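These notes concern the structure reproduced below.
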There are 2 protein chains.
Amino acid sequence: MRSPRTADPRVCSIDAALKVIGEKWALLALREIAALGQHRFDDIVFNTGAPRDILAARLKSLEAAGVLQRRLYQERPARYEYHLTEAGEQLFAVLHAIRDWGDRFVRDDPENVVAFRHSCGAKLSLDMRCAACGEAVAPGDVTSHRDVRRSDIVCTKG
Amino acid sequence: MRSPRTADPRVCSIDAALKVIGEKWALLALREIAALGQHRFDDIVFNTGAPRDILAARLKSLEAAGVLQRRLYQERPARYEYHLTEAGEQLFAVLHAIRDWGDRFVRDDPENVVAFRHSCGAKLSLDMRCAACGEAVAPGDVTSHRDVRRSDIVCTKG
DNA sequence: AATTGTGGGTTCGTAAATCAAACCCACTCG
DNA sequence: CGAGTGGGTTTGATTTACGAACCCACAATT
């Protein structure tokens with residue numbers, strides 16, 4: 001039997017965040033709304049290629065999670081646009097970290113159709129710094145300090 | 001009929017990146033490998049809770065995508081550990097942007113089991129700056145400049 | 001020699017998610 | 001009246017994900 005070691009998934013913010021934004025189409029829908037000025041259902045469908053039913057479900061759950069809010073832009077018939085909440089706005093860091101990485105490591109097609117520019121005029125590329133000390137953060141500079149958890153420590157007995 | 005406006009998904013780096021790291025369990029597996037020092041199959045299963053078959057498939061595709069590489073750590077029987085490539089290392093920005101956001105906007109359980117610390121000693125929180133001008137980047141500071149694409153411009157005829 | 005254990009998967013049958021296409025509804029416009 | 005628009009929902013087929021069980025090569029124990 002293998003049973004003694006089934007699974008004990010970590011509780012962490014990455015996991016929590018992914019429950020909100022990690023499902024298929026969620027980040028592409030957010031890309032449209034957050035970075036490309038598309039706020040209507042049909043436009044998001046068109047620009048992402050997501051199936052309408054899935055997109056409807058995603059928008060609904062993103063709204064429920066407090067990332068999006070619907071704004072009435074026309075009564076009779078009632079029509080809504082999808083806009084970001086503060087939590088949604090703050091996803092730009094995630095979106096651009098992903099874009100930046102994709103740009104550097106998966107860019108397979110020579111010219112990228114969508115590009116982004118910082119207000120300073122330069123093509124946007126991110127530099128991540130520690131908010132506390134202001135130094136640039138590199139992969140090796142981060143350590144995980146985990147509060148005790150049986151599975152992390154080599155325990156004297158199972 | 002609605003047919004004239006089916007879909008024409010944008011080509012962009014976010015989309016490209018998500019094809020690599022956007023499938024279920026991929027980022028949690030990378031969290032283990034990149035940030036929590038777990039490099040073996042069973043440890044990743046244990047700490048993420050991913051089904052073994054799915055995880056096996058993800059690790060395989062992440063390896064194929066050049067994000068991971070397997071390293072032999074024991075012959076007879078041959079056993080491999082999963083390590084990051086340079087592309088994988090650079091995902092720390094994505095991982096921590098997600099963690100940072102999750103920390104601020106979805107942290108539902110009071111105390112977080114896993115936390116991260118910068119080498120300066122502070123709990124890690126990111127500050128994203130424009131690599132070109134060095135200024136902090138806020139949601140509104142970024143504009144998308146898209147190269148011409150029928151769907152973006154209001155065209156004179158459908 | 002036979003059993004138990006370990007590490008890393010694969011196989012199985014089922015449950016859930018995704019998909020494309022079609023449909024529906026409330027309206028407006030010509 | 002008929003067509004069009006915007007925003008979905010429904011349907012039925014296909015993919016994926018799931019957990020549990022299984023398999024394999026070997027090492028260590030009994």
Side-chain angles (χ1 to χ4, degrees), chain A residues 1-9 15 18-19 21-29 32-33 38-64 68-83 151 154-155 157-158, chain B residues 1-9 18-19 22-29 32-33 38-64 68-83 151 154-155 157-158:
Chain A
M1 270 208 289
R2 184 194 298 274
S3 38
R5 193 177 159 78
T6 343
D8 185 10
D15 179 81
L18 288 175
K19 274 174 186 139
I21 57 165
E23 287 175 303
K24 203 165 181 185
W25 302 112
L27 281 168
L28 288 183
E32 293 302 313
I33 299 167
Q38 304 297 308
H39 299 276
R40 324 261 258 237
F41 189 85
D42 277 10
D43 293 327
I44 302 173
V45 165
F46 184 87
N47 289 300
T48 59
R52 308 174 67 82
D53 56 344
I54 306 297
L55 186 69
R58 286 298 167 277
L59 293 172
K60 209 165 284 184
S61 79
L62 287 171
E63 191 195 355
L68 294 179
Q69 62 190 2
R70 297 200 309 161
R71 271 221 263 283
L72 190 72
Y73 72 90
Q74 163 188 302
E75 303 176 342
R76 328 221 42 78
R79 292 283 179 264
Y80 297 88
E81 283 183 336
Y82 295 90
H83 286 266
S151 54
V154 179
C155 218
K157 59 184 195 66
Chain B
M1 273 207 288
R2 184 195 297 274
S3 39
R5 192 175 160 80
T6 342
D8 184 9
L18 288 174
K19 274 174 188 141
E23 286 175 300
K24 204 165 180 184
W25 302 113
L27 281 168
L28 288 183
E32 293 301 315
I33 299 168
Q38 305 297 309
H39 299 277
R40 324 258 259 235
F41 189 84
D42 277 10
D43 293 327
I44 302 173
V45 165
F46 184 87
N47 289 300
T48 59
R52 308 174 69 81
D53 57 344
I54 307 297
L55 186 69
R58 285 301 167 274
L59 293 173
K60 211 166 282 186
S61 80
L62 288 171
E63 192 195 355
L68 295 179
Q69 62 191 3
R70 297 200 307 161
R71 270 220 264 284
L72 190 72
Y73 72 90
Q74 164 189 301
E75 303 176 345
R76 327 220 44 75
R79 292 284 180 262
Y80 297 88
E81 283 182 336
Y82 294 89
H83 285 267
S151 53
V154 178
C155 216
K157 60 186 194 67

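Atoms considered below: every heavy atom in the structure, side chains included; atoms not considered: hydrogens, waters and symmetry mates. Protein chains get the first letters and strands the later ones, always in sequence-line order, with residue 1 at the start of each. Please read these numbers as outputs of a predicted model, since none were measured by experiment.
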Task: Side-chain donor/acceptor contact of B/Arg40 with base of C/dG7 under 3.5 Å - done: no
- [ ] Take atom CD of B/Glu75 and atom C1' of D/dA27, then tell me their distance rounded to the nearest Å.
- [x] 16 Å
Open item on the list: Return whichever of B/Arg79 or A/Arg58 has its heavy-atom-nearest nucleotide of DNA chain C closer to the 5' end.
Closed with: B/Arg79
Task: Nucleotide nearest B/Arg76 when distance is taken to its side chain, options D/dG8, C/dC19, D/dC26 - done: D/dC26
Task: B/Lys24 side chain near D/dT15 phosphate (N/O to OP1/OP2, under 4.0 Å) - done: no
Task: Within-4.5 Å side-chain heavy-atom neighbours: A/Arg52 and A/Phe41 - done: yes
Open item on the list: How many whole angstroms separate atom CG of A/Asp42 from atom P of C/dA26?
Closed with: 18 Å
Task: Nucleotide nearest A/Lys60 (side chain, heavy atoms from C-beta), chosen from D/dT9, C/dG7, D/dG6 - done: D/dT9
Task: Side chain proximity check, A/Leu59 to A/Ile33, heavy atoms < 4.5 angstrom - done: yes
TODO: Please state whether the phosphate of D/dG8, meaning OP1 or OP2, lies under 4.0 angstrom from any side-chain nitrogen or oxygen of A/Arg52.
DONE: no
TODO: Using atom CD1 of B/Ile54 as one end and atom P of C/dT18 as the other, report the distance to the nearest whole Å.
DONE: 13 Å
Open item on the list: If you assign each of A/Pro77 and A/Asp53 to its closest nucleotide in DNA chain D, which residue comes earlier from the 5' end?
Closed with: A/Pro77
Open item on the list: What I'd like to find out is whether the side chain of A/Ile54 reaches to under 4.5 Å of the side chain of A/Lys24, using heavy atoms alone.
Closed with: no
Task: Distance below 4.0 Å between A/Trp25 side-chain N/O and C/dC19 OP1 or OP2 - done: yes
- [ ] Starting at atom CD of B/Gln74, determine the distance to atom C1' of C/dG7, rounded to an integer number of angstrom.
- [x] 8 Å
- [ ] Decide yes or no for B/Leu68 and B/His83: does some side-chain heavy atom of the first lie under 4.5 Å from some side-chain heavy atom of the second?
- [x] no
Open item on the list: Less than 4.0 angstrom between a side-chain N/O of B/Tyr82 and OP1 or OP2 of C/dG7, yes or no?
Closed with: no
TODO: Can you tell me the distance, in whole Å, between the CG atom of A/Leu59 and the C1' atom of D/dT9?
DONE: 14 Å
- [ ] In whole angstrom, give the distance that lies between atom CG of B/Asp43 and atom P of C/dT6.
- [x] 13 Å
Open item on the list: Could you tell me how far apart A/Glu23 (CD) and C/dC19 (C1') are, to the nearest whole angstrom?
Closed with: 16 Å
TODO: For A/His39 and D/dG6, give me the distance from atom NE2 to atom P, rounded to whole Å.
DONE: 16 Å
Task: Any B/Arg70 side-chain N or O less than 4.0 Å from OP1/OP2 of C/dG9 - done: yes
- [ ] Taking the side chain as every heavy atom from C-beta outward, state whether A/Gln38 and A/Phe46 have any atom pair closer than 4.5 Å.
- [x] no
